[in-house]
Amino acid sequence: MIDVIIVDDEPLIRDGLVKLFSWKDYQMQVSAVFPNGSLALEYLEKHAADIIITDIKMPVMNGIELMQECQRRNLPAKFIVLSGYSDFEYVKTAARLGIENYLLKPVDTQEMSQTLIQLKRKIEAQRQNKILLEEGIRILRNNLLYRMMIGEISYEEIEERREYLSIPFDSCGYRVAILKFLPQSPDTALQKQQKPPIKSVLRHLEQKDYIHAVTDFGGRLLYLLFCGCRAVPSGKDEAVRADLEHIVQYVLATSPFHAFAAVGTLAENIDTIPESCAKAFALINTAGYNSPSSIRWADDAVENEALLLPHIEFDQLIRLNEKFLYKKEEDVMAIVDDIFRTNRFIPLDGLQMLSSMIVSKIYSNSRAYGSDPDPEVLSLENHLEDAYTLSDYDSIHCWTRDIIHKIFLYEEGKDSGKNQAGATNIKKILLYLNENYTKDINLKTIAETFHLNALYLGRILKLETGCTFTEYMNRLRLDKAIDLLIHTDLSAKQVSEQVGYSNDKYFNTLFKKYTDMTPGEYRKKEDL
């Protein structure tokens, strides 16, 4: 509903405007009427109004003064000005302040009606644009925070985008907690439309400004970044515990799901947040119906040692990820078979956890690097927890291989049309980077330039160059910087700007990491 207030010192005009129009037909309501601008301003300080219909000449505070005060106090509203024939000089002043229309008294009902229709369209369009803008910023922030937590964003990117992250960079400590949702019991039959209550939990957390919540690419896990955490001997921050227990109870009371939480170790600064996240991720993948507690802590080394799968090596998960990205289905299956073989005699719930962890990882890779996900593969999302319904080793093993094979079939079809174009594009892309390395470019802008998906572009760059986009650009820029230091008299700061770094301190840090010397030390060495 669009809120309207009417400001006029003549009671007949105020009452006439209220009664003359069927405001609901314009999806509007007259929220208040006032005899002067001063009373209207007091109201506007506490209540929002979309449209203000105001007379020009009034006692105490006239219409012009009301408009000026609204602008000065940043009170957004659209003005329709009412005036007499002799008020034209006032109208010119009002026009400079910004009005939607001015109407002569007595008001022409047809002209007023047309003005209201136009204003309704304009306000609805602005509201829609605001919604789209806010949604775009929310998606951007979600992806940035997620990438920061899993360690896939550089320090430079964090600095450039910190306004979108909205987290306190000077916090005394952080913890990552990950939430996983399962039906309240293994026998619970859920309807297809019943999905984990992630959106409900997000709304529930909106008022807690020290908790920053994001979803992963698959939309199955909820990552919570707690800011301002304390280092305590037990490793269990009571404030974090209380919030997580509240969330677990909330999910149980409002949905057919049960929430399991895993809490990572304390991160003392931004750089160590990915370590906290990795610890939480290792724990959440083993959370299930037989878990002794809904909340598990990475600090509980003794407790978790018995619950984590002792025969799965971390490097096996890394190789699974690597072989998937390189399209090596046989190699992935060999690693999976090896993992199952070494875990053949562990308890059934451990096998179920293991299977779910493997297929979830590979499915997440498929979603992360896909530009237009196949509906058949997307349908797998509803079955990623089906391992928990299987009751023996062979069926769990076969189910895992079958899911992985289906994902690879999709990947093979998706990439068949890209391979030939990719070989040609990569040469053009590398040439473009070498010619434009001084500009403010990133993976997304390059992808848009060459009409590619950004994640796919990152992958083919890694395959071609052996390093990520950020690593490649840093190497390229630093090689150019070395050449400038040797062959010119430019200062280190000037060299930094010449090769595309706006922050010379960051440039100096990278240069020393790359050469084991500062720019000044490098230049002196070359001069000897």
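Count residues from 1 along the sequence.
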Where is the tightest heavy-atom contact between [X] and [Y], given as atom of each residue plus distance?
X: D3; Y: A48; value: CB-O, 4.1 Å
X: R401; Y: M333; value: O-CE, 3.2 Å
X: I178; Y: C277; value: CD1-O, 4.0 Å
X: Y432; Y: I446; value: CE2-CD1, 3.4 Å
X: A259; Y: S294; value: O-CB, 3.9 Å
X: V176; Y: A280; value: O-CB, 3.7 Å

Subject >> Criterion side chain to side chain contact (heavy atoms under 4.5 Å, CB included) on E100 and I51, from CA distance to verdict >> reply: CA-CA 10 Å; E100 300 301 322; I51 299 173; over 6 Å; no
Subject >> Sole residue of K120, R127, R121 in salt bridge (charged side-chain N to carboxylate O under 4.0 Å, His left out) with E124 >> reply: K120
Note: [X]-[Y] ion pair, threshold 4.0 Å (strictly below):
X: E275; Y: K279; value: no
X: R72; Y: E69; value: yes
X: R241; Y: E238; value: yes
X: D243; Y: K208; value: yes

Subject >> Residue pair T470, L443: steps toward the side chain to side chain contact (heavy atoms under 4.5 Å, CB included) verdict >> reply: CA-CA 8 Å; T470 300; L443 196 59; over 6 Å; no
With rounding to the nearest 0.5 Å, note down the distance linking [atom1] in [X] to [atom2] in [Y].
X: L244; Y: I211; atom1: CG; atom2: CD1; result: 7.5 Å
X: I5; Y: I53; atom1: CD1; atom2: CD1; result: 9.5 Å
X: E152; Y: L144; atom1: CD; atom2: CG; result: 12.5 Å
X: C467; Y: M473; atom1: SG; atom2: CE; result: 11.0 Å
X: H397; Y: L354; atom1: NE2; atom2: CG; result: 10.0 Å
X: T449; Y: I429; atom1: OG1; atom2: CD1; result: 9.5 Å

Taking [X] for its side chain and [Y] for its backbone only, find out whether a donor-acceptor pair lies under 3.5 Å.
X: T445; Y: I441; answer: no
X: S355; Y: L351; answer: no
X: N269; Y: T272; answer: yes
X: T468; Y: E471; answer: yes
X: Q352; Y: L390; answer: yes
X: D237; Y: R230; answer: yes
X: H47; Y: Y43; answer: yes
X: R175; Y: F226; answer: no
X: Q184; Y: L252; answer: yes

Does the side chain of [Y] come within less than 4.5 Å of [X]'s, by heavy atoms?
X: M149; Y: P274; answer: no
X: R296; Y: F260; answer: no
X: D338; Y: F340; answer: no
X: V4; Y: Q29; answer: no
X: K78; Y: D50; answer: no
X: F257; Y: L182; answer: no
X: W23; Y: I2; answer: no
X: V359; Y: W399; answer: yes

**OP:** Kindly determine whether L266 and D299 satisfy side chain to side chain contact (heavy atoms under 4.5 Å, CB included), including the steps that lead there.
**Re:** CA-CA 9 Å; L266 181 71; D299 303 88; 5.9 Å; no
**OP:** Let me see the working for Y250 and S255 under side-chain hydrogen bond (donor to acceptor under 3.5 Å, both in side chains), right down to the final yes or no.
**Re:** CA-CA 8 Å; Y250 172 77; S255 78; over 6 Å; no
**OP:** List the steps, then state whether ring pair (Phe, Tyr, Trp, His ring centres under 6.0 Å) holds for Y223 with Y146.
**Re:** CA-CA 8 Å; Y223 289 67; Y146 175 67; 5.3 Å; yes
Subject >> Test side chain to side chain contact (heavy atoms under 4.5 Å, CB included) applied to L202 and L222, step by step >> reply: CA-CA 9 Å; L202 287 173; L222 188 60; 3.7 Å; yes
**OP:** Determine whether more than 12 heavy atoms belonging to other residues, nucleotides or ligands lie under 6.0 Å from atom CD of E45.
**Re:**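 Correct, the count exceeds 12.
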Original post:
For atom CG of D440, is the number of surrounding heavy atoms from other residues, nucleotides or ligands below 6.0 Å larger than 12?
Top reply: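 Count not over threshold, so no.
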Subject >> Under 3.5 Å side-chain donor-acceptor pair for T265 and S276 >> reply: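 The criterion, which ignores hydrogens and geometry beyond distance, is not satisfied for S276 and T265.
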